[in-house]
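We name chains A, B, ... by the order of the sequence lines, and we start the count at 1 in each one.
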Number of protein chains: 2
Amino acid sequence: MLRNLGLRVTVPRLKALEYVQTHPHADADAIYTSLALSLHGVTRQTVHGIVNDLTRVGVLRRVSLPESASAHYETRIGDNHHHIQCVSCGRIEDVDCVVGEAPCLTPEDTHGMRLVEASVTFRGVCAECEMRNMAHEALQPSIPLTQSHSHARTSPAPTSSTIQAKR
Amino acid sequence: MLRNLGLRVTVPRLKALEYVQTHPHADADAIYTSLALSLHGVTRQTVHGIVNDLTRVGVLRRVSLPESASAHYETRIGDNHHHIQCVSCGRIEDVDCVVGEAPCLTPEDTHGMRLVEASVTFRGVCAECEMRNMAHEALQPSIPLTQSHSHARTSPAPTSSTIQAKR
DNA sequence: GCCTTATTTTGAATTAGTCAAAATAAGGGA
DNA sequence: TCCCTTATTTTGACTAATTCAAAATAAGGC
């Protein structure tokens, strides 16, 4: 499978591929953690090398989402499907098909660029986070008038750091 | 303007805002470089604090694009416009949304999530890069059969590092 | 003009990822 | 099957983007 793409078949590559197949949208760190369990010497660099190679030959697809600092990988390629991500916990799901105005997917003005791809990312709030946020709001019914970034934090706001922590 | 959003009006904030207004899609580092010219003590942390605050109150919009490691900021908010980015040089342009309001597209299956927004990102190749790439192809007409990530690089491939270098 | 407290500054840490050289191992050819 | 070439992995250092926390500063309501 890898061989006729010009890549040698190695244990780390196969394990990484298997992991992404069973864990769609895994990031490099998750793959590393998984590989480290069975192989003793693997490092993050190895994983980065692998995902870069596999992405280049088209076995993996790299997905960058606004709520995640790290790139995610998936084996489902070829169908240009999209993603929906919870802005609160970072959960990612596939979206097979979108409905809406076609013009939204064909820009009127490309500013002289040749279009390669249109990727749609939906940002949402998953049921669990919605629930959790409601509970919080019940305790803090009104929006404070003043709030700063470093002090006077209103709540343990589920920012991207929370998302990272979920890994 | 900032005052009735619960934020104090400070010189760094005003300068940062002014810079983003005149330089749409600026990233934190570009803002920092600009501020450092006129203000002597500003640091990157200050800029991050500012853009975080201004984004939170809705004066700025944070834009994360696949080809850029860093976040970009813009003052054009409220109209739900999209972006097209050159995959080669990282240049970003606005693409107007025909619908104009938040979710201009909706997924067939939201996987139980409440939809917040559909962000559409177009990836393309700008005219200049197209030109440059053609010149390169003329020199290297065929794709090598085997290629690795660390050695045997085919060309100074315009990856994201190239984009970073543009800053 | 003072005082509270939001902002900025200072300094250190974290996360994601890259680069390069040395060691290892895949797999085509003898 | 063994050897040799060279792709891949390992080792180690490094960069970029961003965050965290405590101390110093300054906005703006009184």
According to side chain to side chain contact (heavy atoms under 4.5 Å, CB included), who are the partners of A:Glu18, at least two apart in sequence or on a separate chain? none
Among residues two or more places apart or on two chains, list those pairs meeting salt bridge (Lys or Arg N to Asp or Glu O under 4.0 Å) that have a residue in residues 104-114 of chain B. A:Glu130-B:Arg114
Give me the other members of the hydrophobic cluster that A:Ile92 sits in, counting Ile, Leu, Val, Met, Phe, Trp and Tyr linked by side-chain heavy atoms under 4.5 Å, directly or via other members. A:Val63, A:Leu65
Measure the distance from OH on B:Tyr32 to C1' on C:dT9 and round it to the nearest whole Å. 12 Å
Mind checking side chain to side chain contact (heavy atoms under 4.5 Å, CB included) for A:Arg62 and listing every partner two or more places apart, or none if nothing turns up? A:Asn52, A:Thr55, A:Ala71, A:Tyr73
With sequence neighbours left out, the residues meeting side chain to side chain donor-acceptor pair (under 3.5 Å) with B:Thr46 are B:Thr43
Partner set under ring pair (Phe, Tyr, Trp, His ring centres under 6.0 Å) for A:Tyr19, not counting sequence neighbours: A:His23
Sequence neighbours excluded, which residues qualify as side chain to side chain donor-acceptor pair (under 3.5 Å) partners of A:Thr22? none
Distance, rounded to the nearest Å, where B:Leu14 contributes CG and C:dT7 contributes P: 12 Å
In chain order, what residues pass the side chain to side chain contact (heavy atoms under 4.5 Å, CB included) check against A:Asn80, with sequence neighbours excluded? A:Arg61, A:His82, A:Glu117
Test of understanding: with side chain to side chain contact (heavy atoms under 4.5 Å, CB included), list the residues that count as partners of A:Asp94, not counting sequence neighbours. A:His25, A:Glu74, A:Arg76, A:His81, A:His83
Starting from P on C:dC19, measure out to NE2 on A:His48 and report it in whole angstrom. 12 Å
For every nucleotide of nucleotides 25-30 of chain D, 5' to 3': is a protein heavy atom under 4.0 Å from its base (B), only from its sugar-phosphate (S), or from neither (-)? -BBS--
Is any side-chain nitrogen or oxygen of B:Asn52 closer than 4.0 Å to OP1 or OP2 of D:dT18? no
At 10 degrees resolution, what angle do the end axes of the helix from C:dG1-D:dC30 to C:dA30-D:dT1 form when each is taken over five base pairs? 30°
Nearest-Å distance, CG (B:Leu54) to C1' (C:dA6)? 14 Å
Test item: A:Glu93 side-chain N/O and A:Ile84 main-chain N/O as donor-acceptor pair under 3.5 Å: no
Looking at B:His48 and B:Ala28, what are the two nearest heavy atoms and their distance? CE1-CB, 3.6 Å
Would you indicate, yes or no, if C:dA16 has its OP1 or OP2 atom less than 4.0 angstrom from a side-chain nitrogen or oxygen of A:Arg44? no
Please enumerate all protein N or O atoms sitting under 3.5 Å from an N or O of nucleotides 10-13 of chain C, with distances to 0.1 Å.
unit_1: C:dG11; atom_1: N7; unit_2: B:Gln45; atom_2: NE2; d: 3.2
unit_1: C:dG11; atom_1: O6; unit_2: B:Gln45; atom_2: NE2; d: 2.8
unit_1: C:dA12; atom_1: N6; unit_2: B:Gln45; atom_2: NE2; d: 3.4

Choose from D:dT8, C:dT18, C:dT8 the nucleotide whose nearest atom is closest to any side-chain atom of A:Arg13. D:dT8
Give the rounded distance in Å between these two atoms: CZ of B:Arg56 and P of D:dT19. 13 Å
Once you round it to whole Å, what is the distance between P of D:dT18 and CG of B:Asp29? 9 Å
Could you check how far CG of A:Leu39 sits from P of D:dT10, rounded to whole Å? 7 Å
What is the distance from CG of B:Asp53 to C1' of C:dT5, rounded to the nearest Å? 14 Å
